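First comes the structure, then the notes that go with it.
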Number of protein chains: 2
Amino acid sequence: MIPEGTVSSMAPTPEALTAERILEATEEVLRRHGPAKATVVDVARALGVSHGSVYRHFRTKAALREAVTKRWLDRTSEALAGIVAEAGRDPEARLRAWLLALFDAKRHKAGDDPELFATYTTLAGENSDAVDEHLDDLTGQLAEIVRSGVDAGAFTSADPLTTARAVFHATARFHDPGYHREWERPGVQDEFEAVVDLLTRGLRA
Amino acid sequence: MIPEGTVSSMAPTPEALTAERILEATEEVLRRHGPAKATVVDVARALGVSHGSVYRHFRTKAALREAVTKRWLDRTSEALAGIVAEAGRDPEARLRAWLLALFDAKRHKAGDDPELFATYTTLAGENSDAVDEHLDDLTGQLAEIVRSGVDAGAFTSADPLTTARAVFHATARFHDPGYHREWERPGVQDEFEAVVDLLTRGLRA
DNA sequence: GGAATGACAGATATTGAAATCTGTCAGCTG
DNA sequence: CAGCTGACAGATTTCAATATCTGTCATTCC
């Protein structure tokens, strides 16, 4: 066993209570009990500590839930950042791939584990600040794709960020959790393509 | 006083209990008490009859609420039909006018009387069949505009109805009641125009 | 001495008994 | 007789008592 970093006493068996461990336990409790019934007492119990100890790392229950929300949103952003980075690829293909990846990611999350998806949708509703940041992040990625398309002479846009926001808003039906019921209906894929076709036509130089 | 239509006994003072009068009373009760507390007993009381009489005209409370919902949705559709009928006008201008009229109508309903808007949003959520019909009606109107644009050589579209649906979905943020909170934020008008610009560019022949 | 505990006050959620509502129908009323 | 009434059974909602939770902090434990 290697001693972990610079700890005064090495406290071997009962791992130190870190913010990270609390967040993991909170995700687990949310998965098990859902957002309405998940209490910080549950989280403390899952960790084998008193609930007072949790309050040492997170000032309030709301702050704890917000931190969980941020982690989750960041994981989504990271997955898409890879497509933005594919510098060599045709801008239109990159745009389509990015939009499809976003749609697919959401669709699979909603379809594979509906309860967990509902849980995170509830959390997102409680933390509009975290969501706004996430949305800025995503539109920033889109703007990056638009900008490179303009530079390559493939797209026209007076202001890539405004254009990116327009594309994002126009595809809301295919990524906004509020529409998740529609994602399982037969024709959605075609609807998605019809919208993306219209948008890419509108973007072309 | 002129006798009303063909009535067997003329029953002058206490007006006959018609489906129409019940619907009006129901709208009033919904306006006063909201969707959660509006009961059919309330409706009967407002009309000065027993609740049994209401059930003579509407089989269930749900059917009564659905009828109210339909009336309300139909009023919205009719208002927009006028723009579709402006045959002489430039297709692109007609499309923009139609989308703006829809956005403005929704925005004013939500802004002027938020509680009534919330009430009707709840009713709409309960009556997805009526809503689906309404949506078909609206996309039909849009398709009519697209079709006339294609005929005039101003628009390109392999299938006007599919294209109309794409335009409708792409502008969901500006007519779907779920987004009503966004309609009061400062930049919405610009966001709306950015989306409509992109879509009209995509439609042009 | 820094981290964790657990008792506590006020806020929030749960529960089950009582009140109200929905939908039916036999009978009243004009 | 057509239309309306009001009593009724079962479903749903309300309300208040009870239990649980949140957030604090004086005290305990390594």
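Order of the sequence lines sets the chain letters (A, B, ...), proteins ahead of strands, with each chain counted from 1. Heavy-atom basis, side chains included; hydrogens, waters and symmetry copies ignored. Note that the structure is predicted; figures quoted are calculated from it, not measured.
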| request: Among D/dC4, C/dT22, D/dG23, find the nucleotide with the atom closest to the side chain of B/H57. | output: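 Nearest to the side-chain atoms of B/H57, counting from C-beta on, is D/dC4.
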| request: State whether A/R147 and A/E144 are salt-bridged, where the test is any N-O pair (Lys NZ or Arg NE/NH1/NH2 against Asp/Glu carboxylate O) under 4.0 Å. | output: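 Looking at A/R147 and A/E144, the cut-off is met.
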| If you count the non-hydrogen atoms of other residues, nucleotides and ligands that lie under 6.0 Å from CZ in A/R75, is the total more than 12? |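 Atom CZ in A/R75 is crowded, with more than 12 foreign heavy atoms closer than 6.0 Å.
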| message | Tell me if the CD atom of B/E86 is crowded by more than 12 foreign heavy atoms within 6.0 Å. | response |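 Yes, CD of B/E86 has more than 12 neighbouring heavy atoms, counting only those of other groups under 6.0 Å.
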| query | How long is the line joining CG of B/L64 and C1' of C/dT22, in whole Å? | reply |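 Distance, rounded to whole Å: 12 Å.
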| task | Round to a whole Å and report the spacing from NZ of A/K61 to C1' of D/dT24. | result |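 Rounding to the nearest Å, NZ of A/K61 and C1' of D/dT24 are 17 Å apart.
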| query | Is there a donor-acceptor contact under 3.5 Å from the side chain of B/R94 to the main chain of B/V84? | reply |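 Between the backbone of B/V84 and the side chain of B/R94 there is a qualifying donor-acceptor contact (under 3.5 Å).
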| task | Please answer whether the main-chain N or O of B/D129 pairs with a side-chain N or O of B/E66 as donor and acceptor at a distance below 3.5 Å. | result |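 Looks like no, no N/O pair under 3.5 Å.
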| query | Using a cut-off of 4.0 Å between protein heavy atoms and nucleotide atoms, how would you tag nucleotides 25-30 of chain C 5' to 3' with B, S and -? | reply | ------
| Relative to the ring of B/W72, is the ring of B/Y120 parallel (under 30°), tilted (30 to 60°) or perpendicular (over 60°)? |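 Because their plane-to-plane angle is under 30°, the rings of B/Y120 and B/W72 count as parallel.
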| field | Positions of residues 24-51 of chain A (non-hydrogen atom under 4.0 Å from DNA chain C), listed by number | value |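 Nucleic-acid contacts, sorted: A/V49, A/S50, A/H51.
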| query | Among B/F103, B/F174, B/W183, whose side-chain contact (heavy atoms from CB on, under 4.5 Å) with B/Q189 holds? | reply |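 With B/Q189 as partner, side-chain contact (heavy atoms from CB on, under 4.5 Å) holds for just one option, B/F103.
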| Nearest heavy-atom pair of B/A110 and B/F117: which atoms, and what distance? |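 What the structure gives for the nearest pair is CA-CG, 3.6 Å.
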